[in-house]
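This one's a predicted model, so the numbers in the text were calculated from it and none came from an experiment.
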Amino acid sequence: MVDVCATPKPSSAPAPPRPIMRMGTACVGPRQWQDDTVQALKVSRSLSRKTEKEREYGRQHDALPLIRDVLVRQSNTVAFGYVREVRVVVMKLREALIATNDEVKLLIRGKEAVQTTLDNIRKDMAMNKKCVDIRSTRPKREKELDEADKMIEMERWELGRQKEILELNLKKSKKHLILLDQSRKRLASVLDERSRVLDLICHSRNSIRHDHLLKSQLLPPGGQGQDSSRPRTSASGMMTPMPDSRKINEILARTANVSEDFLAAERGDKGALMRSGVYTARTVRPLAGDRPSTPPLDHLGPYTPEAADAIDESRELIGQSREIRSDLADAIDTAEREEKRLHNIVNDALTQRLAETITLLQHLSMGEAENRTSFNKNVRHYEMTDVSRGYNLGPVSYTDLQARERLDRPMVKVYQRHPGTNLPDARDLIRANNNLETSLEKTQKNLALLHLSNIKIKEDQRDKKAAADIDASIIRFRKKKADHKWVPENRN
């Protein structure tokens with residue numbers, strides 16, 4: 001018979017269940033009374049086995065007295081990990097913001113260069129208009145369209161085309177500057193929002209490097225344990241690194257010094273880090289190019305879609321800005337080369353026209369000298385012919401004739417006593433005088449024609465001189481204004 005009143009001895013291992021035996025039939029008590037007692041024992045033993053299992057489960061899973069410190073350290077670790085991941089995101093946002101600022105500066109410089117080139121083009125167009133106005137003051141005979149006028153017109157058309165191209169590029173750069181400014185403001189807003197949790201952490205890049213080394217020492221290779229592609233997210237939205245379950249005891253053993261290691265990393269205390277085993281002789285000097293990885297994208301994590309969109313937008317705009325700056329540089333280079341080429345072409349055409357005008361002036365000078373020589377010779381011939389005619393006519397008064405010059409001198413009278421003995425003196429004198437008068441008239445006409453020719457030569461010479469002076473002044477004007485260091489006149 002089993003002793004139901006015996007107290008079991010305490011044991012660390014659960015006692016095997018004992019069989020319940022029925023009492024003998026010789027009992028005096030009623031059977032129902034015995035059955036109730038046996039049923040109570042069964043219930044008691046069942047509860048004992050259940051409570052034993054629960055007690056064993058509690059010994060394995062219930063919190064220890066140091067749970068507060070462990071939870072604090074784990075919470076701090078989660079917070080520190082989240083903050084450091086946010087710091088990586090903030091670093092990338094700051095780098096994107098700096099790159100956007102630098103690109104804005106470069107694009108502004110390109111825009112200013114385009115504006116400078118556009119101002120030079122406008123000055124060249126004003127100079128071209130001034131050249132046309134100056135050439136319009138030439139004498140009438142010099143206003144006929146020539147190659148220099150065609151070159152000036154071509155320069156005006158080409159400069160207008162380059163001006164339109166530069167204005168389009170300038171408009172494009174201004175629009176892109178607006179987009180870059182909006183992206184910069186968006187980055188600054190996201191950066192300010194992400195930086196709200198970084199009040200108690202160092203913002204330097206070296207600290208990010210220290211944190212990367214510390215994380216590589218504290219966590220197994222792969223960074224996130226068995227499921228590194230999907231980090232664990234708590235209800236509060238904080239991302240917690242999931243350590244390798246096979247090494248959980250080793251990591252928990254190191255957890256005791258996690259806070260101290262993080263604080264040492266924040267202070268940049270290499271001695272403390274080397275004492276803790278985070279730094280070694282090989283890792284004291286950070287390796288170049290070893291950068292922390294970007295946290296995974298998560299709406300409630302460190303790397304939000306808004307931050308990713310802001311960074312991607314800035315990268316895309318920076319790429320477009322580089323293409324625009326390349327287009328601006330090409331347009332400026334083309335405009336400057338075209339400007340110099342047109343300037344040289346027009347100057348060469350004007351110089352050639354000036355050389356031709358001076359050559360004609362020299363020929364006109366030679367022709368004017370020949371005309372003057374011919375005029376003087378004809379004047380001398382006229383005077384000599386007039387003197388000869390006077391000699392042939394003889395004196396005005398008949399009484400002034402000598403006896404040998406008279407037509408009725410004694411020799412002639414004696415000769416004319418016979419018939420048919422007329423002398424041709426009178427007829428020949430009359431014919432000679434008529435010829436001399438005709439020669440005088442022709443010489444006088446020639447003198448008049450020479451005088452008219454001399455007048456035309458002088459007029460042409462004067463016009464050529466004025467045209468040469470105008471072309472020379474235009475060439476000097478263009479060379480003087482070629483450096484674009486002048487202010488165009490304001491036309492009201």
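- Looking at residues two or more places apart in sequence or on another chain, you find a salt bridge (charged side-chain N to carboxylate O under 4.0 Å, His left out) between R337 and D333.
- If you take OG1 on T359 and CG on L354, they are separated by 9.0 Å, rounding to the nearest 0.5 Å.
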Verdict with supporting geometry, K150 and E147, salt bridge (Lys or Arg N to Asp or Glu O under 4.0 Å): CA-CA 5 Å; K150 294 179 181 179; E147 289 297 324; 3.6 Å; yes

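- Taking 4.5 Å as the limit, every side-chain heavy atom of Y303 sits out of range of all side-chain heavy atoms of D298.
- One distance of note links CG of N128 with CE of M151; it measures 12.0 Å at 0.5 Å rounding.
- A salt bridge links D181 and K185; the closest N-O separation between the charged side-chain nitrogens and carboxylate oxygens is under 4.0 Å.
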Step-by-step side-chain contact (heavy atoms from CB on, under 4.5 Å) determination, E103 to R322: CA-CA 8 Å; E103 191 62 33; R322 290 173 180 171; 3.9 Å; yes

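- In terms of the side chain to side chain donor-acceptor pair (under 3.5 Å) criterion, residue partners of E158 (sequence neighbours excluded) are, by chain and number, R161.
- Electrostatic pairing of E437 and R389 counts as a salt bridge here, judged by a charged N lying under 4.0 Å from a carboxylate O.
- When atom types are taken as modelled, the side chain of N371 and the backbone of L450 share a donor-acceptor pair closer than 3.5 angstrom.
- Between the side chain of R194 and the backbone N or O of P302, at least one donor-acceptor pair lies under 3.5 Å.
- A search for side-chain contact (heavy atoms from CB on, under 4.5 Å) contacts involving I430 returns N434, not counting sequence neighbours.
- In this structure, a donor-acceptor pair under 3.5 Å is present between the side chains of S365 and Q461.
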